[in-house]
Amino acid sequence: MAASQHMAELRPVTFLVGSLRSTSLNRAAANHARDCFGADASVKVPDLAELPLYNQDLETTGFPAPVADFKSRVERSDMILIFSPEYNYGIPGPLKNALDWLSRPFGAGSLIGKPVGIISVSPSSRGGENVREQLLKTCQILTDRTYGITIGIGGVGDLIDGELPDDDKQSLTSWLEMFTLYAEHSQQR
Ligand SMILES: Cc1cc2nc3c(=O)[nH]c(=O)nc-3n(C[C@H](O)[C@H](O)[C@H](O)COP(=O)(O)O)c2cc1C
């Protein structure tokens with residue numbers, strides 16, 4: 001198959017990573033997930049720090065350019081995966097800000113109809129249970145295709161050569177297989 005034909009078939013997937021730090025456990029999980037999709041998908045990981053803080057006034061003259069680009073990428077995606085730490089029992093600011101932009105305009109947000117999967121990696125054994133619960137609640141009002149089975153990968157210590165430990169990567173791989181099935185099945189409704 002010609003390369004250009006193959007490229008045209010790549011599934012667009014967007015990852016939202018709630019941690020901005022370079023050695024983030026959640027970013028390492030996103031890197032592993034990108035490897036799992038391999039050549040089957042075109043994965044983009046927008047830099048959430050480039051989005052201005054949400055302000056409803058900014059909607060009156062049209063979305064600011066970084067927001068418009070971000071929303072358009074999400075709207076072209078077949079599925080969305082959220083990788084996020086728990087900050088103070090909740091959703092980190094950059095991610096909440098991104099979700100607030102995606103939720104607009106009211107009733108016509110960018111996540112409508114998108115399968116969304118939620119992952120949290122944490123040094124705590126609880127695996128970010130609070131942030132996963134909050135993300136479920138928020139995403140469920142933004143799309144009717146939020147995957148109800150979130151994955152919390154807890155008790156993670158240091159990265160090994162920048163990667164998650166093997167057993168955690170394996171758990172994520174298995175969960176991704178289930179999520180992908182859900183995303184494909186839910187599209188047929
Ligand atoms: C501001 C802040 C708040 C945090 N709050 C929580 C928390 O409520 N629950 C928890 O399990 N871990 C909490 N942590 C610890 C994070 O889970 C831990 O730093 C994690 O590695 C951050 O994710 P990252 O590696 O992807 O950056 C917090 C960390 C920070 C910096």
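None of the values given here were measured: they were computed from a predicted structure.
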Student: Check for a donor-acceptor pair, side chain of Asn26 on one end and backbone N or O of Ser120 on the other, with a separation under 3.5 Å.
Tutor: no
Student: How close do Ala49 and Leu20 get, heavy atom to heavy atom, and via which atoms?
Tutor: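 Heavy-atom minimum between the residues: CB-CD1, 4.0 Å.
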Student: On a heavy-atom basis, which atom in Leu10 and which in Ala41 lie closest, and how many Å separate them?
Tutor: CD2-N, 4.0 Å
Student: For Glu133, does the CD atom have more than 12 heavy-atom neighbours from other residues, nucleotides or ligands under 6.0 Å away?
Tutor: no
Student: Salt bridge check, Asp69 against Arg73: does any charged N sit closer than 4.0 Å to a carboxylate O?
Tutor: no
Student: Are Met79 and Leu81 connected in the hydrophobic side-chain network, where two residues link if heavy atoms are under 4.5 Å apart?
Tutor: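 As far as the 4.5 Å side-chain criterion goes, Leu81 and Met79 are connected within one cluster.
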Student: Do the side chain of Arg132 and the main chain of Gly127 share a donor and acceptor less than 3.5 angstrom apart?
Tutor: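 Yes.
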Student: Are Leu142 and Leu48 connected in the hydrophobic side-chain network, where two residues link if heavy atoms are under 4.5 Å apart?
Tutor: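 Yes: a chain of side-chain contacts under 4.5 Å links Leu142 to Leu48.
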Student: So Pro52 and Val67, do their side chains get closer than 4.5 Å, heavy atoms only?
Tutor: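 The answer is yes; the side chains approach within 4.5 Å.
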Student: Between atom CD of Glu129 and atom OG of Ser124, what is the distance when rounded to the nearest 0.5 Å?
Tutor: 7.5 Å
Student: Determine, stepwise, if the pair Arg11 / Glu184 fulfils side chain to side chain contact (heavy atoms under 4.5 Å, CB included).
Tutor: CA-CA 12 Å; Arg11 284 189 300 181; Glu184 283 162 4; 2.9 Å; yes
Student: Out of curiosity, Ile112 CD1 to Ser103 OG, how far, rounded to the nearest 0.5 Å?
Tutor: 10.0 Å
Student: Which distance, rounded to the nearest 0.5 Å, do you find between the OG of Ser42 and the CZ of Arg76?
Tutor: 9.0 Å
Student: On a heavy-atom basis, which atom in Gly113 and which in Arg145 lie closest, and how many Å separate them?
Tutor: O-NH1, 2.5 Å
Student: Verify side chain to side chain contact (heavy atoms under 4.5 Å, CB included) between Leu102 and Leu16, making sure each step is shown before the conclusion.
Tutor: CA-CA 11 Å; Leu102 291 176; Leu16 307 180; 4.1 Å; yes
Student: Does any part of the side chain of Tyr87, heavy atoms only, come nearer than 4.5 Å to the side chain of Pro94, both counted from C-beta?
Tutor: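 No, side chains not in contact.
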Student: State, with a plain yes or no, whether a side-chain heavy atom of Ile149 is found less than 4.5 Å away from one of Ile151.
Tutor: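 Ile149 vs Ile151: side chains apart.
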Student: Can you tell me how far the OH atom of Tyr147 sits from the CD1 atom of Ile119, to the nearest 0.5 Å?
Tutor: 11.0 Å
Student: If you round to the nearest 0.5 Å, how far is CG of Leu51 from CG of Asp100?
Tutor: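 It comes to 11.0 Å.
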Student: Got a list of side-chain donor-acceptor pairs under 3.5 Å for residues 154-172, not counting sequence neighbours?
Tutor:
| from | atom 1 | to | atom 2 | distance (Å) |
| --- | --- | --- | --- | --- |
| Glu163 | OE1 | Lys169 | NZ | 2.4 |
| Ser171 | OG | Asp167 | O | 3.0 |

Student: Assess whether side chain to side chain contact (heavy atoms under 4.5 Å, CB included) is satisfied between His32 and Thr173, documenting all intermediate values.
Tutor: CA-CA 8 Å; His32 175 66; Thr173 303; 2.8 Å; yes
Student: Specify whether Phe15 and Phe37 have parallel, tilted or perpendicular ring planes, treating 30° as the upper limit for parallel and 60° as the lower limit for perpendicular.
Tutor: tilted
Student: A side-chain contact here means heavy atoms from C-beta on lying under 4.5 Å apart; do Thr14 and Pro46 qualify?
Tutor: yes
Student: Is there a donor-acceptor contact under 3.5 Å linking the side chains of Thr143 and Lys114?
Tutor: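 Looking only at side-chain atoms, Lys114 and Thr143 do not form any donor-acceptor pair under 3.5 Å.
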Student: When you compare the side chain of Val131 with that of Pro92, does any pair of heavy atoms fall below 4.5 Å?
Tutor: yes
Student: So does Ser22 get a backbone contact from the side chain of Arg27, meaning a donor-acceptor N/O pair under 3.5 Å?
Tutor: no
Student: Are Val74 and Val43 grouped together when hydrophobic residues (ILVMFWY) are joined by side-chain heavy atoms under 4.5 angstrom apart?
Tutor: no
Student: Parallel, tilted or perpendicular, judged at 30° and 60°: which one describes the rings of Tyr182 and Phe179?
Tutor: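 Geometry flag for Phe179 against Tyr182: tilted rings.
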Student: Donor-acceptor pair, Asp78 side chain versus Val13 backbone, under 3.5 Å?
Tutor: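 A pair under 3.5 Å: no.
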Student: So Tyr54 and Glu59, side chain to side chain contact (heavy atoms under 4.5 Å, CB included) or not? Walk me through it.
Tutor: CA-CA 9 Å; Tyr54 178 77; Glu59 286 188 39; 2.4 Å; yes
Student: Using modelled atom types only, decide if a donor and an acceptor are shared between the side chain of Lys71 and the backbone of Arg104 within a distance under 3.5 Å.
Tutor: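 Yes, the answer is positive, given that a donor and an acceptor are paired below the 3.5 Å cut-off.
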Student: Quick one, Leu135 and Thr146 - any side-chain contact, counting heavy atoms below 4.5 Å?
Tutor: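 No, too far: nothing below the 4.5 Å cut-off.
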Student: Going hydrophobic residue to hydrophobic residue with side-chain gaps under 4.5 angstrom, can you get from Ile91 over to Ile141?
Tutor: yes
Student: Between the main-chain N or O of Gly152 and the side-chain N or O of Trp175, is there a donor-acceptor pair closer than 3.5 Å?
Tutor: no
Student: Within this structure, what is the OG-CG distance for the pair Ser186 and Leu181, rounded to the nearest 0.5 Å?
Tutor: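 These two atoms lie 10.5 Å from each other.
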Student: Taking the side chain as every heavy atom from C-beta outward, state whether Trp101 and Phe63 have any atom pair closer than 4.5 Å.
Tutor: yes
Student: State plainly whether one hydrophobic cluster holds both Met178 and Leu176, where clusters connect Ile, Leu, Val, Met, Phe, Trp and Tyr through side-chain heavy atoms under 4.5 angstrom apart.
Tutor: yes
